[in-house]
There are 2 protein chains.
Amino acid sequence: MQFFKFKQSGVCIVITIKEIADMLGISTTTVNNVIHGKTNQVSQKTIEKVQKVIEEYEYVPNMNARNLAQNKSKIIGFAMKAKSEKYEKNALKDTFISELVGAVEKSLRISGYFLMIYISEDLKQIINYVSTWNVDGLILFGMIGDDCILLKSKVSKPMVFIDSYFSEEVMEYINVGLKDLQGGYDITRYLLDCGHRRIGFVADNCLGADKERFLGYKQALREQEIAYRDKDFFLITPGEKELEKCLKDLLEYTKGYTALFCVSDYYAVIIMNYLRDHGKRIPEDISIAGFDDNAYARIVRPSLTTIHQDVSQKGEIAVEKILKLVNGEDIEERIIILPTELIVRQSVKMLKK
Amino acid sequence: MQFFKFKQSGVCIVITIKEIADMLGISTTTVNNVIHGKTNQVSQKTIEKVQKVIEEYEYVPNMNARNLAQNKSKIIGFAMKAKSEKYEKNALKDTFISELVGAVEKSLRISGYFLMIYISEDLKQIINYVSTWNVDGLILFGMIGDDCILLKSKVSKPMVFIDSYFSEEVMEYINVGLKDLQGGYDITRYLLDCGHRRIGFVADNCLGADKERFLGYKQALREQEIAYRDKDFFLITPGEKELEKCLKDLLEYTKGYTALFCVSDYYAVIIMNYLRDHGKRIPEDISIAGFDDNAYARIVRPSLTTIHQDVSQKGEIAVEKILKLVNGEDIEERIIILPTELIVRQSVKMLKK
DNA sequence: TTGAAAGCGCTAACAC
DNA sequence: GTGTTAGCGCTTTCAA
């Protein structure tokens, strides 16, 4: 039985290859060939006939069918672990994440791929997600060593990591990272050069990139023969209430310091505003330095002295790499380390020596 | 021929229903029934056997196959038009958008749906996207009247609009909106109450929500019998260079005004910083008011007097509505209008009367 | 230059 | 309780 669909205004019909073939009394193979531009196999006449119908009926391929048949999708997954409370609410409220995702989205779109975001605390769910959608490739943010190993062992699809650190011996990973240690060193060095001697380090963990920044901080201290004491690491806890408590503690804590190096602008800005709202003058009473140079850094007053990184570039490179892998191309540079730059603004006071 | 897959460490195998059935010497229907919890049809013994294999081999359904068979997906599309230059680069750099998308992502994730973002200047591409992925539902942001009509005529899937305005007679639309006019009125009224008489309005267009805010602005002026002149509308142009030029013009323009009502905090903050960097004191030389109460509003100094809206709530409601529609449930409230609230901070000067 | 047909993995109507 | 089977729309091999 032949079944023809007729174009009607106001009614939404999706036409299939088979229907086009039936309408024209030809085979699906031929229609398919025209759709895929394998026109050397098809007569000019047929091509035109088919194209006319395609246009008129606005044929659009069914991705699910295509993917099923080809065992692939046009989807690149962007997966991240929802670190505890921090991102459980709304990961994209962190401008770092949103800029990164935005850059990835845009790059993929330009290349004809689709982005699917997947956020979960549970790595197993992320792994399931990959196979359930048969994602062509995965961009992973914020994974630490063990995660990477598990992922590598469970996922056979191409993967590109962003901001991950893993041991040297497993170099088959692809990672787009940053000179985190260098950045941590540079900003601490700057604080030291400004005459600061009591410098607190603020972070919500000591893993991955944050750990590297911390190591850079310690290295700079060491060079100036300043002893690092455990209490110089101020651990902040994400999550509404916990954060509130931390900030309160911090108010007391800062009394022993002239400067604070916050591992990210995200926290630097929160802390800066909190301290100021509680009577501290910045940078007169306490200097604040950040890391990332996010959108807030320029906007807060005093504007934030920080380490700049190009977040969009991270996303773009990650996409470039993943698409190469998806297309079976070889990747020469597997570990990309982007540079950092010290941005001196107004949140750090120059102490008299 | 039977084909068994064996679980091996380090190798990633995806098992199918058919394979489970073959391994156990039962039918796919039975396996399927167990997977879908239709256990009243299956003996306890079989259930256990199947569940054991599912667990051991980590069965995960193939979405493409499932979607194809069921003629649906678990995807909700979030589509927006890339307004000219503004979002072409990275839409998520606008905190309004990223918070909205983040909230949508989170709500969908909790409900077991997947989000696919689709940004395009071209509405036709958005329409194609819907059918190519057979998206279950669409959340649309930033569409104006004509867009909505076209979408309605071309897309048969459930749709929920965010921040759209359309004429009264087409009430079958679902829209999650805001008291934009009221908000525009309130903030202008506040400026007037502070003694301002020359108030400029700044926006990059005069459509949709921005238009409503503009109408609110005009209404407040009218009430105080202040004449609105065309030149009181300062049109700003997005895009790197154009924006730069606009800001320069604005510097001159502000001479005729004591206050500026910017249609969004996004612009308010940019303008505020620019003016200050060029020697204007805020609010002494010129007062600035915004709209949205985004993350920057609290952070800039002087902090921004603005109209608050709950962006995450918009996203959450949109998801709630779209899922109801997807599930064939009835929607009682089709036009949701969220409230606004005046937030007085420090960017507006109280003039002596 | 064109066509027939098998198959991707899952679902669901129907039969036993 | 369990099994058979036809399809979802597209791709692709092989044959004509």
Side-chain angles (χ1 to χ4, degrees), chain A residues 1-3 5 13-50 53-54 57-74 128 130-136, chain B residues 1-3 5 13-51 53-54 57-74 128 131-136:
Chain A
M1 191 199 80
Q2 278 194 320
F3 176 56
K5 288 183 177 175
I13 309 167
V14 177
I15 200 172
T16 68
I17 288 187
K18 174 137 200 336
E19 283 161 3
I20 296 177
D22 287 351
M23 282 174 70
L24 262 31
I26 59 178
S27 78
T28 60
T29 312
T30 305
V31 177
N32 198 32
N33 281 143
V34 175
I35 287 170
H36 289 88
K38 296 176 189 166
T39 44
N40 52 340
Q41 308 268 358
V42 190
S43 75
Q44 194 54 37
K45 227 183 193 165
T46 319
I47 294 175
E48 279 162 19
K49 275 199 302 187
V50 174
V53 178
I54 285 179
Y57 288 80
E58 294 171 331
Y59 168 79
V60 171
N62 179 320
M63 280 292 184
N64 286 131
R66 181 178 279 185
N67 295 343
L68 183 59
Q70 297 196 127
N71 188 32
K72 60 177 190 178
S73 61
K74 274 278 180 181
N128 280 357
V130 174
S131 38
T132 208
W133 281 105
N134 200 12
V135 152
D136 282 344
Chain B
M1 193 199 80
Q2 277 195 321
F3 175 59
K5 289 181 176 176
I13 309 166
V14 177
I15 201 173
T16 68
I17 288 188
K18 174 136 201 336
E19 283 159 2
I20 296 177
D22 287 350
M23 283 174 69
L24 263 30
I26 59 176
S27 78
T28 60
T29 309
T30 306
V31 177
N32 200 28
N33 280 143
V34 175
I35 288 169
H36 288 88
K38 296 177 189 165
T39 44
N40 52 338
Q41 308 269 358
V42 191
S43 74
Q44 193 56 37
K45 228 185 195 164
T46 318
I47 294 176
E48 280 163 18
K49 274 199 301 186
V50 173
Q51 273 172 344
V53 176
I54 285 179
Y57 288 79
E58 291 171 332
Y59 168 79
V60 170
N62 179 320
M63 279 294 181
N64 286 129
R66 181 178 280 183
N67 294 342
L68 182 59
Q70 298 197 125
N71 187 31
K72 60 177 189 175
S73 61
K74 274 279 180 181
N128 280 356
S131 38
T132 207
W133 281 104
N134 198 13
V135 153
D136 282 344

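Reminder, nothing fancy here: chain letters follow the sequence lines and each chain counts from 1. The basis for the numbers below is simple: all heavy atoms, side chains too, and nothing from hydrogens, waters or symmetry mates.
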query: Testing N33(B), T30(B), T39(B) for side-chain contact (heavy atoms from CB on, under 4.5 Å) with I47(B), which one passes?
result: T39(B)
field: From V42(B), I20(B), T16(B), residue fulfilling side-chain contact (heavy atoms from CB on, under 4.5 Å) relative to V31(B)
entry: I20(B)
For the side chain of [X], counting heavy atoms from C-beta on, which of [options] is nearest?
{"X": "Y59(A)", "options": "dG3(C), dC10(D), dT4(D)", "value": "dC10(D)"}
{"X": "A65(B)", "options": "dA5(C), dC10(C), dT4(D)", "value": "dC10(C)"}
{"X": "A69(A)", "options": "dA12(C), dT2(C), dG9(D)", "value": "dG9(D)"}

Indicate, with a heavy-atom threshold strictly under 4.0 Å, whether [X] touches base, sugar-phosphate, or nothing.
{"X": "S43(B)", "answer": "sugar-phosphate"}
{"X": "N62(B)", "answer": "sugar-phosphate"}
{"X": "T30(A)", "answer": "sugar-phosphate"}
{"X": "T28(B)", "answer": "base"}

Can you measure [X] atom [atom1] to [N] atom [atom2] for me and round it to whole angstrom units?
{"X": "M63(A)", "N": "dG9(D)", "atom1": "CE", "atom2": "P", "result": "16 Å"}
{"X": "I54(B)", "N": "dC10(C)", "atom1": "CD1", "atom2": "C1'", "result": "13 Å"}
{"X": "K38(B)", "N": "dT11(C)", "atom1": "NZ", "atom2": "C1'", "result": "8 Å"}
{"X": "E19(A)", "N": "dG7(D)", "atom1": "CD", "atom2": "P", "result": "15 Å"}
{"X": "I47(A)", "N": "dT2(C)", "atom1": "CD1", "atom2": "C1'", "result": "13 Å"}
{"X": "I17(B)", "N": "dG3(D)", "atom1": "CD1", "atom2": "P", "result": "14 Å"}
{"X": "L68(A)", "N": "dT11(C)", "atom1": "CG", "atom2": "C1'", "result": "12 Å"}
{"X": "N71(B)", "N": "dG9(C)", "atom1": "CG", "atom2": "C1'", "result": "16 Å"}

- request: Please examine the side chains of L68(A) and N64(A), heavy atoms only from C-beta on, and report whether any two atoms are closer than 4.5 Å.
  value: no
- request: Answer yes or no: is there a side-chain heavy-atom contact under 4.5 Å between E19(A) and Y57(A)?
  value: no
Does OP1 or OP2 of [N] have a side-chain N or O of [X] closer than 4.0 Å?
{"X": "T16(A)", "N": "dG9(D)", "result": "no"}
{"X": "R66(A)", "N": "dT11(D)", "result": "yes"}
{"X": "Q70(B)", "N": "dA12(C)", "result": "yes"}

- request: Check the pair W133(B) / N67(A) against side chain to side chain contact (heavy atoms under 4.5 Å, CB included), numbers first and verdict last.
  value: CA-CA 10 Å; W133(B) 281 104; N67(A) 295 343; 3.7 Å; yes
field: Residue met sooner reading DNA chain D from 5', once N33(A) and N33(B) are mapped to nucleotides
entry: N33(B)
